[in-house]
> 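This is the structure, below, for whatever I ask next.
Note that the structure is predicted; figures quoted are calculated from it, not measured. Protein chains get the first letters and strands the later ones, always in sequence-line order, with residue 1 at the start of each.
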There are 2 protein chains.
Amino acid sequence: MTRPRSRRGGGRPTIADVARKAGVGAITVSRALREPGRVSEDLRRQIQAAVDELGYVPDPNARALASARAEVFGVLVPSLTNNVFAEVVRGIYDSLSDSPFRIQIGNTHYSGLEEERLLQVFGSQRPAALIVAGIDQTPSARRLLENAGCPVVQVMETGPDPVDMMVGFSHLDGGRTAAEHLLQAGYRKIGFIGARMDPRSQRRLAGYRAAMETAGLFDPRLITTTPVPSSVSLGRELFRDALAKMPTLDGVFCNNDDIALGVLFECHRASIDVPKQIGIVGFNDLDMMQVAFPSITSVRTHRYEIGTRSVAMALAAIAGNPPQQRIVDLGFELMRRESTAR
Amino acid sequence: MTRPRSRRGGGRPTIADVARKAGVGAITVSRALREPGRVSEDLRRQIQAAVDELGYVPDPNARALASARAEVFGVLVPSLTNNVFAEVVRGIYDSLSDSPFRIQIGNTHYSGLEEERLLQVFGSQRPAALIVAGIDQTPSARRLLENAGCPVVQVMETGPDPVDMMVGFSHLDGGRTAAEHLLQAGYRKIGFIGARMDPRSQRRLAGYRAAMETAGLFDPRLITTTPVPSSVSLGRELFRDALAKMPTLDGVFCNNDDIALGVLFECHRASIDVPKQIGIVGFNDLDMMQVAFPSITSVRTHRYEIGTRSVAMALAAIAGNPPQQRIVDLGFELMRRESTAR
DNA sequence: TAGACAAATGGTAGCGCTACCATGACTGGG
DNA sequence: CCCAGTCATGGTAGCGCTACCATTTGTCTA
């Protein structure tokens, strides 16, 4: 016995209601909504009128089930509050705001295991594309990405071996450039200060180290790091530690701008002249770097563009035109400012 | 003619595969996964073994379609990069990480129309709960929230008329407290500097104004605002404008900490003594406020807790125990620091 | 010991949509 | 003028899961 349209769903209009009202088949409604070109002008108008009148909104869940593909971009980042990733995510959102795709963000907390778990969760939805931060996935996470059955973009870094596509830049080169700039400015005892030493920070450190070794000035005691998450106050503390360890320090390359700001404030507090006694270089070039007094030299990275570019590549791949260039290096730019001008 | 299990879905194991392998009905598998208590110990073990062996992961789309309810929390914030909302979102994520609920974030860009559009999109998924920033929804957005058919939590602010539940604090009181503090510290020509004057900023301004009027010191020329999004560099510029307009300014209450930091840097640059010549108060109390030199007085808000609390309330409501207290005021705390200690 | 009742399990029928094929109406080339 | 080829439309059969109702078995009370 068929109950009379019980509507356990709650009474929202369905595609069948629209079809009935427009006097066409359900499929035609479905097509009119998804591939308007394949439905005649006339019917399209009729259907649109019925849609408007009923206030019909397609059910994305039913759509995903029937087509075996959800209109969802899965995005995996290690942190939600770190401004760097927030900018990437903003770029992704802005690029997708006029598309039918929804976005689902996963926060891995810098954990490979959490990344695997989230990849599993995301994969179960059959997303349209996946955007993941970093290139250091665990072997099993990498396997999940390879078998995701959708375009995958690794962002923030470039490397030799993409799962599918990549957009980012070389953190090693960025670190080297920062250190070389300090060397050219005449600083010699240049420290490295870093918090939350994730793989990208490690590569910046490696770049710093390469530059220092080339100059014959490397000394492991110049390095001060901690696994603790980065913050301005931590920058201050780490700088104090670094000075205690090596009182003759005359420059610092900071892992990121928060740390650099903490260093600057500690210099103010301890009446250390910047840039005369200490040169400071940050990383990412947040807005505040140019406003600080003195303004702080930093390596500008193109975070928002990484987000928009990754979406563009994924959309192209979804449309069947995978970009010819699978690895996109957006580079970086050294912004020279007062903090290293002596 | 039934084709032999065509699996247009792509060959992943389904609940029927698990049921067959475990020698039980599909429903029993479904129950074992969702309400283990209702399935006998024996079968539960058998089913778990089959799930593990096949690597079965339930399809959330099919689940949502069948149960008319998606395991999704919809979250609407006006900005992704503003640290304030990022903290709220982080609290939401952390509270939900061990639950089956996924999170979908919408970025309204401070636009009521965009908020309506996103509410429509979210609603079509039949989310388990909605968390939205602010209490100033457009009438039609409010209607969408009322008819969402799920718990709704408005966050960041409290007000008299919740759609369903609320977690936040009074921005008016926060603004008043900041201004009163400056007054008590002996400042008289106290300016208000604000960017992106969203409704919350407007209420902070109203609180400032109330305090100034009570003291008989209000002057509209003390107010400097702009609709432009907030940033540290903008803080610097607005402070310059404010000083040009009113050279005798001796204190500023800043809309937020970014602005306050910009003001501090400009003071450094212009050799204006803080706190002697100018007192500065920020809002939100980001980490850097306590590290700045001089450290900056700010109104600490409990953003992460707003996130965790809103989830707790929503989960309780989903479980059928809506909290007795529908409006939760988490308050704020004035952090007195060097920038107002003269 | 019968009857009532709860606990454990299963079958059926969709949820709302789209893939896949079928159909009929045209079009155009030989 | 016929038939292949295209275009517009529709019907059918699921996608993978769960709500809703059986059905069976065991347990307790009168």
Side-chain angles (χ1 to χ4, degrees), chain A residues 1-20 22-47 51 54 56-71 100 123-126 149, chain B residues 1-20 22-47 51 54 56-71 100 123-126 149:
Chain A
M1 189 182 75
T2 49
R3 255 166 297 102
R5 306 229 88 218
S6 77
R7 278 293 164 69
R8 69 185 183 205
R12 287 198 328 203
T14 73
I15 204 169
D17 298 326
V18 176
R20 208 171 307 122
V24 299
I27 301 310
T28 308
V29 175
S30 176
R31 265 196 290 257
L33 263 28
R34 291 176 301 132
E35 318 166 82
R38 289 191 49 194
V39 174
S40 70
E41 181 66 30
D42 265 15
L43 286 193
R44 229 183 308 160
R45 253 202 308 275
Q46 260 170 263
I47 290 169
V51 166
L54 294 172
Y56 169 72
V57 182
D59 180 332
N61 298 120
R63 213 169 231 196
L65 181 59
S67 64
R69 190 53 68 207
E71 291 186 313
S124 70
Q125 293 180 73
R126 306 173 180 285
Chain B
M1 186 183 78
T2 51
R3 256 167 296 102
R5 304 230 90 217
S6 77
R7 276 296 163 66
R8 68 183 183 205
R12 286 196 331 201
T14 73
I15 205 169
D17 298 325
V18 176
R20 208 171 307 122
V24 300
I27 301 309
T28 308
V29 174
S30 177
R31 266 197 289 259
L33 264 27
R34 292 177 301 133
E35 317 167 80
R38 291 190 48 193
V39 174
S40 70
E41 180 68 28
D42 264 17
L43 285 193
R44 230 184 306 161
R45 253 202 308 277
Q46 258 170 264
I47 290 169
V51 165
L54 294 172
Y56 169 72
V57 182
D59 180 331
N61 298 120
R63 216 169 229 196
L65 182 58
S67 64
R69 193 48 71 207
E71 290 185 314
S124 70
Q125 295 180 73
R126 305 171 179 286

> From Leu54(A) CG over to Ile15(A) CD1, what is the distance, rounded to the nearest 0.5 angstrom?
12.0 Å
> Distance-only criterion, 3.5 Å: show the donor-acceptor pairs between side-chain atoms of residues 22-33 of chain B and protein atoms not counting sequence neighbours.
unit_1: Ser30(B); atom_1: OG; unit_2: Arg34(B); atom_2: NE; d: 3.2
unit_1: Ser30(B); atom_1: OG; unit_2: Arg34(B); atom_2: NH2; d: 3.0

> Counting only heavy atoms and a strict 4.0 angstrom limit, can you tell me which residues of residues 26-34 of chain A come near DNA chain D?
Ile27(A), Thr28(A), Arg31(A)
> Grab the two heavy atoms, one from Tyr56(B) and one from Thr14(B), that are nearest each other, plus how far apart they are.
CE1-C, 3.6 Å
> Grab the CG-P distance between Asp17(A) and dC15(C) for me, whole Å please.
11 Å
> Report the distance from atom CD of Gln46(A) to atom P of dT9(D), rounded to the nearest whole Å.
10 Å
> To the nearest 0.5 Å, how far apart are CG in Asn61(B) and CZ in Arg69(A)?
10.5 Å
> Let me confirm one number: the CZ-CG distance from Arg12(A) to Asp59(A), rounded to the nearest 0.5 Å.
5.5 Å
> Under 4.0 Å from OP1 or OP2 of dC15(D): is there any side-chain N or O of Thr14(B) that close?
no
> I need the CG-C1' distance between Asp59(A) and dC17(D), as an integer number of Å.
13 Å
> Rounded to whole Å, please give me the gap between CG in Asp42(B) and P in dG26(D).
14 Å
> Measure CG/Asn61(A) against C1'/dG16(D) and give the value in whole Å, please.
12 Å
> What pair of heavy atoms forms the shortest contact from Pro60(B) to Ser124(A), and how long is it?
CD-O, 3.3 Å
> I want to verify a distance call: between dC17(D), dA8(D), dT18(D), whose nearest atom is closest to the Ser67(B) side chain?
dT18(D)
> Would you say the side chain of Ile47(B) lies within less than 4.5 Å of the side chain of Arg44(B), judging by non-hydrogen atoms?
no
> List, with names and distances, any nitrogen or oxygen atoms from the protein found under 3.5 Å away from nitrogen or oxygen atoms belonging to nucleotides 22-28 of chain C.
none

> Mapping Arg38(A) and Arg63(B) to their closest nucleotides on DNA chain D, which lands nearer the 5' end?
Arg38(A)
> Whole angstrom is fine here: how far is it from CD1 in Ile15(A) over to C1' in dT18(C)?
8 Å
> What's the CG-C1' distance between Leu43(B) and dA7(C), to the nearest Å?
13 Å
> Figure out the CG/P separation between Leu65(B) and dC15(C), and round it to whole Å.
9 Å
> Give the minimum heavy-atom separation between Arg126(B) and Ala68(B), together with the two atoms involved.
CD-O, 3.4 Å
